[in-house]
Engineer: 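There's a structure below that I have some questions on.
Hydrogens, waters and symmetry mates are skipped; everything else that's a heavy atom, side chains included, is used. Lettering of chains follows the sequences in order, A, B, ..., and the numbering in each one begins at 1.
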Amino acid sequence: MPTKHPADRGELGRRGEALACARLTAAGLRIVARNWRCQTGEIDVVAEGPGLLVFCEVKTRRGDGYGTPAAAVDAAKQAQLRRLAGAYLRATPHRPCRVRFDVVAVVWPRRGQPRVEHLTGVL
Amino acid sequence: MLARLATAALVGLTAHPVEVEVDIGRGLPAVTVVGLGGTAVLEARDRLRAAFGNTGYEWPDRRITVSLPPADLPKQGSGFDLPIAIGMLAASGSVPPAALEGLWAIGELGLGGDVRPVRGVLPAALAARRSSARLLVVPQANLAEAALVPDLRVAGAGSLGQVVEWLVGRGDLDRPGRPPAPPVPPVEDLADIRGQRQARRALEIAAAGAHNLLLTGPPGAGKTMLARRLPGLLPPLERDEALEVTQVFSAAGLLGPGAGLIGVRPFRAPHHAISVPGLVGGGQLPRPGEVSLAHQGVLFLDELPEFSRAACEALRQPLEEGEVTVSRAMTSVRFPARFALVAAANPCPCGHLGDSRFVCRCSLHDLHRYASRLSGPLLDRIDLYVQSQRLTADELTGAADAEPTAPVRARALAARALQRSRQGAENGRLPSADVASRCQVLPAARRTLSAAVDRLGLSARGFHRALRVARTIADLAGSDRVEDEHVREALSLRHLPIIGDRETQLL
């Protein structure tokens with residue numbers, strides 16, 4: 001049956017990230033990079049605003065059964081995001097700017113519309 | 001949003017006011033507790049999350065910061081659960097913040113949202129009154145205890161749900177009923193004791209003058225039975241004394257659920273293997289030990305020579321000052337410890353020394369070692385040494401015609417009243433310097449005492465103790481003066497049968 005819902009989990013994550021980018025753009029940011037990779041790992045979304053660089057972790061879940069998506073961004077994940085941001089800043093030419101860490105939490109039930117929550121400045 | 005209410009942290013017997021501030025703000029879901037919370041306080045996070053879920057309240061999935069000022073006061077225990085939960089509900093907007101004005105709360109949360117009893121509710125209630133709290137919410141099982149504090153509104157909660165319904169104005173908390181009459185346990189009566197004429201008399205004197213007592217005698221002679229009869233001979237607890245006793249038991253967590261005021265003098269009989277912290281109190285944040293649990297009552301040390309030397313030494317401060325100081329890295333606290341000491345000992349390791357029907361098989365070496373285990377400084381604080389005798393067949397099987405507790409107690413109370421009006425304290429608690437001036441000793445009695453000093457080698461300390469006991473005997477007889485017979489009886493109650501040379505050394 002034709003469904004708006006992503007079938008497998010990889011697909012769910014990609015769709016969630018697309019939703020997150022839309023939300024960030026709506027918030028007045030410009031998407032600079034998606035799934036930026038280095039040896040350390042991957043940053044889901046990098047966006048920029050005036051004098052501001054935003055590193056964004058996107059977490060998508062089917063539901064709250066195993067805790068909310070935002071709660072899944074634990075201490076280890078937060079430390080990883082910091083390390084990745086450092087790697088990005090070293091690897092990429094950019095003007096001096098403020099740095100912010102955001103989390104976009106997407107809950108996308110099998111039946112129903114996705115809910116998107118944008119948490120700013122979480123670190 | 002920020003919510004604020006108050007609770008109390010127990011340090012020793014005193015509870016200190018602690019604010020509970022809960023802020024729910026932006027950020028990833030996390031709970032941070034700041035303000036020197038111990039393990040049980042930090043674990044509140046997990047209990048609260050489960051309690052919220054099982055009560056049907058939404059857990060605020062945001063950044064929750066709990067602060068417990070003053071930040072430098074160490075906090076332990078699970079009593080912070082309830083105030084933190086209330087603060088979270090207010091900070092997340094589930095209950096109106098105005099309802100928290102002047103509110104104090106204490107209690108542990110079960111995973112199902114039930115409010116469980118905690119220790120130290122009475123001290124917390126006293127702290128709440130000092131801080132003019134509007135209302136103190138306590139666990140249902142602690143309500144009778146909290147209600148003992150006059151001029152303080154208290155209410156009991158059985159579950160988190162009940163508290164929330166009350167906060168939003170839909171339900172009510174439990175209000176304290178009439179204070180339950182303190183249960184009066186059956187007083188163990190002196191009439192149960194056969195024979196033991198001298199030991200009974202010594203109990204009467206100990207009760208009349210607040211003297212400490214050492215009973216020796218063969219196993220099974222009734223030393224424990226005698227000691228158990230002492231609380232029944234002491235005056236009834238005054239209201240403020242009872243409050244002190246209840247506070248100690250509350251801080252120790254030994255007050256049963258629903259229990260209110262403790263109305264009878266405690267009788268504590270710790271086993272001789274007890275550790276020093278168990279005896280005088282201990283722990284990082286100290287809890288009261290046996291000497292404080294026996295406050296205003298009787299501490300019975302059976303098999304005194306078996307107690308460790310360190311334990312005996314630790315008894316010195318409470319015996320001299322009526323309180324005990326426990327110092328630890330984090331804090332130093334004082335506990336009250338004014339008790340009547342009754343110690344019991346076998347005359348020798350096998351128990352048969354001085355018994356006409358059994359042969360003592362202990363070697364002289366054994367005897368010396370046994371006697372040397374009795375701490376000198378501890379014996380110094382004991383005024384009465386009495387031997388309890390093995391009963392004869394006639395005494396054992398004959399009619400029980402011994403004098404019951406009531407008349408003996410009446411005599412002891414009358415003697416205490418005399419002492420209080422004369423010197424403001426019981427004879428047993430009179431400083432040595434005051435003994436001679438307070439005791440009006442008749443010439444004949446003085447001659448007997450002098451003879452005892454010369455012939456028995458009575459030391460200065462022994463002299464004062466004999467005089468103190470003689471004074472109590474005179475008070476029991478209703479006599480202003482200490483007469484010869486009083487002195488003679490006092491001297492007869494200084495018999496330490498353990499080892500001959502030890503005896504003279506002690507005298």
Engineer: Considering only heavy-atom distances, could you tabulate the donor-acceptor pairs under 3.5 Å between chain A and chain B?
Structural biologist:
| residue | atom | partner | partner atom | Å |
| --- | --- | --- | --- | --- |
| A:Thr120 | OG1 | B:Arg26 | NH1 | 3.0 |

Engineer: Residues in side chain to side chain contact (heavy atoms under 4.5 Å, CB included) with A:Cys97, at least two apart?
Structural biologist: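 A:Leu53.
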Engineer: Under 4.5 Å, heavy atom to heavy atom: which of residues 19-29 of chain A reach chain B? Give them by number, or say none.
Structural biologist: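 Not one residue of residues 19-29 of chain A has a heavy atom under 4.5 Å from chain B.
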Engineer: Partners of A:Arg30 by salt bridge (charged side-chain N to carboxylate O under 4.0 Å, His left out), sequence neighbours excluded?
Structural biologist: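 If we apply the salt bridge (charged side-chain N to carboxylate O under 4.0 Å, His left out) test to A:Arg30, skipping adjacent residues, the hits are A:Glu48.
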Engineer: Side chain from CB out, backbone as N, CA, C, O: work out which of these in A:Val73 comes under 4.5 Å of a heavy atom of chain B, or both, or neither.
Structural biologist: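 Both backbone and side chain.
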